Every structure is written in C-alpha cells, then in structure tokens.
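Heads up, the thing below is written out as structure tokens.
If you read the sequence from its start, that first residue is 1, and numbering goes on from there. Only a predicted model underlies this, so the values are computations on that prediction, with no experimental measurement involved.
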Amino acid sequence: MIPPAIAQGCIGFWAGLTQGFAAPKVTPFSPPASQNGSGPTSGTTSGTAAGNGSDSLAREVQEDAAKTGASGDGQSTQTCCPPPDWMPIALGEKGVSEYAGAKMNPRIAEYFKAAKFWGKDDSGAENAWCASLVAYVMKTAGYGIATDAFRAREWEARWPDGQKASRPVYGAIAVKTRKGGGHVGFVVGTVPGKPGYLAILGGNQSNTTNVSAYPASDFHAFMLPKGYDYSCCVLEDYSGKIGGKGSES
C-alpha cells in the first residue's frame, strides 16, 4: 500500500503536468475601430429576424447554428479559424421578404436606413435591397460599411474597412455583376453534390432572404473585414435548405 503522503504528491505532480495540454481556445473575431466612424445601428435587433413573424424560421436558424456549434452550417471546424461574429446576425434575417406593391416591409426599411438609402418601396429593380441587408448586418455587428452601401459593387470598390480575400470562406461578402447592377450576399458553404457551387445567404433572392446555390465563377470578389485572418479557414458543405438561383431585382 502506497503511503497517503506519497499518493497525494503523485496526484499533484500529474495534475500540474497535464495543465499544459488543454485544448486551444479560439475567440470570435471582434471588429477593429471603424475607419469611417460607423457603429452599430441604434434601435436594431442583433441576431433575430424581428418582423418576419415565423417561429419555424427561428427554429431553422437555431438548428443551423447547432449543427456546427458556432454561427452557421458551412463554417470551418478548424480551431484556428475565428468565428465571424456578424454571421449570427445574417442568419437571423432568413425569411424576410419584400411586400408586393407600393409598400414596404418594416424590416427592409431598417436595412435601407442602415445603408442610407432613400427608397420607400422594397420592390422593383430600382429598390434592390441585397446590399442594404449586408449594410444592416455589418453595421449591427459594429463594422464600418461601404461608401454607398446600398450598391452591391461598392462592397468591393469602396469599403474602407474591408479586405479582398483570395478565395471564398465562410462569412465572406460575395460580390457579382448582373444586368443592370450587381448582387451581394454572404458565403455560408459549398453545395453538396455540386462541385464549383457556393451556398449564398442573400437578400432580394427571389424577393426574399434565403440561401441559394450559385456557381462560384459568378463572383469576382470575396470581401472580409480588415484584420480577419482567414488563412487556415476551410469552407465546408452547407447542409441546410438551399434554393436555386433566382431573380435578384
């Protein structure tokens, strides 16, 4: 039988030895001080789809987050990849749709306010709101936004707080050109069974905010906040509901 004093000493020795082998802790990326002075939008709700009136939508968002234990389904599982803190907000806007006719969804009015867009109607090509959704999400998360943030291609051309990524990663703002303008949305993963396709969470996709499949070649820029280190991030499959590419105006 080992004397109690010696046994206690052995326990203390092994406890001290194993302290250095704890799993690394990765903290979410926090926005740097904005260069253009923009901050969170006053009176907005972070991470919830206020005004969309759908309990099932809220459950879908929670299930998406639970699948990775982080902010979304296609997020990298690499421990060195910081979770993008703006994505829970973006995911919370799924299901917000425009109103037909000369009236506006109050939630989309919040997007326009964040982007400083003067529109009073959320339908029609002249009121395309994909970029305004991006402005709302990034501003609510505490980041500066593009100069004319209601214009999709401004997120590549004139975003003082942004950097261009060399490849698509989870949470990147994907920018493309379309006839008559541009389109912008958030990368949430790759499309299972469709090599070369990306799952894009965007507003004004068939007049609603949803996840749709796009050829990666459609996009000419993938933008991230300055200082976000994506070097070890790996884009993974999105296993939630993915719709087909639809209208963007």
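- Sorted by first then second residue, the salt bridge (charged side-chain N to carboxylate O under 4.0 Å, His left out) pairs that include residues 204-224, not counting sequence neighbours, are Asp218-Lys245.
- A side-chain donor from one of Asp85 and Tyr143 sits under 3.5 Å from a side-chain acceptor of the other.
- The CZ atom of Phe186 sits 5.0 Å away from the CD1 atom of Ile173 when rounded to the nearest 0.5 Å.
- Side-chain contact of Tyr230 with Arg167: a donor-acceptor pair under 3.5 Å is absent, judged by distance alone.
- A disulfide bond (SG atoms under 2.5 Å apart) check over residues 149-236, counting only residues at least two apart or in different chains, returns the pairs Cys80-Cys232, Cys81-Cys233.
- In this structure, the separation between CD1 on Ile200 and OH on Tyr238 is 11.5 Å, given to the nearest 0.5 Å.
- The minimum heavy-atom distance linking Ala213 with Val191 is given by the pair CB-CG2, 3.9 Å.
- Residue pairs meeting the salt bridge (charged side-chain N to carboxylate O under 4.0 Å, His left out) criterion with at least one partner in residues 194-206, sequence neighbours excluded, do not occur; the list is empty.
- Nearest heavy atoms, Pro82 versus Tyr228: O-OH, 2.5 Å.
- The backbone N or O of Pro160 sits less than 3.5 Å from a side-chain atom of Lys226, completing a donor-acceptor pair.
- Of the N and O atoms on the side chains of Asp237 and Ser239, not one donor lies less than 3.5 Å from an acceptor on the other residue.
- Side chains of Ser212 and Gln205: a donor-acceptor N/O pair is present below 3.5 angstrom, by distance only.
- With contacts defined as side-chain heavy-atom distances shorter than 4.5 Å, the pair Val184/Cys130 qualifies.
- Applying the ring-ring contact (aromatic ring centres under 6.0 Å, His included) test to Phe219 and every residue at least two apart in sequence or in another chain returns Tyr214.
- Interatomic distance, Lys176 NZ to His220 NE2, rounded to the nearest 0.5 Å: 8.5 Å.
- Summarising the geometry, atom CG belonging to Asn204 is positioned 5.5 Å from atom CD belonging to Glu98; distances are rounded to the nearest 0.5 Å.
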- request: List the steps and the verdict of side chain to side chain contact (heavy atoms under 4.5 Å, CB included) for Tyr170 and Val234.
  value: CA-CA 8 Å; Tyr170 181 81; Val234 178; over 6 Å; no

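- Shown here for Ala221 and Lys164, the closest heavy-atom pair between the two residues is CB-CE, 4.0 Å.
- The closest donor-acceptor contact from the side chain of Thr190 to the backbone of Leu198 lies at 3.5 Å or more, if one exists at all.
- Within the 4.5 Å cutoff, the side chain of Met87 has heavy atoms near those of the Val188 side chain.
- A donor-acceptor contact shorter than 3.5 Å links the side chain of Asn105 to the backbone of Ser97.
- Listed by first and then second residue, the disulfide bond (SG atoms under 2.5 Å apart) pairs involving residues 143-172 amount to none (not counting sequence neighbours).
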Verdict with reasoning, Val211 to Lys241, per side chain to side chain contact (heavy atoms under 4.5 Å, CB included): CA-CA 7 Å; Val211 176; Lys241 182 179 179 182; over 6 Å; no

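- A donor-acceptor pair is defined here as one N or O able to donate and one able to accept, closer than 3.5 Å; no such pair exists between the side chain of Trp129 and the backbone of Gly203.
- Between Glu110 atom CD and Ile108 atom CD1 the span is 11.5 Å, to the nearest 0.5 Å.
- For Trp86 against Gly171, the heavy-atom pair with the smallest separation is NE1-O, 2.9 Å.
- To the nearest 0.5 Å, the span separating CD1 on Ile89 from NZ on Lys139 amounts to 13.0 Å.
- Counting heavy atoms from C-beta outward, Val169 and Val187 have side chains that stay 4.5 Å or more apart.
- Taking the ring centroids of Phe150 and Trp118, they lie under the 6.0 Å cut-off.
- The backbone N or O of Leu224 lies less than 3.5 Å from no partner atom in the side chain of Trp159, so there is not a single donor-acceptor pair.
- Looking at Ile145 and Trp155, their side chains come closer than 4.5 Å, going by heavy atoms from C-beta outward.
- Nearest approach of Met223 to Gly162, heavy atoms of both residues: CE-C, 4.3 Å.
- In this structure, the side chain to side chain donor-acceptor pair (under 3.5 Å) partners of Glu154, at least two apart in sequence or on a different chain, are Arg158.
- Residues Ala115 and Ala135 approach most closely at CB-CB, 3.8 Å, considering heavy atoms.
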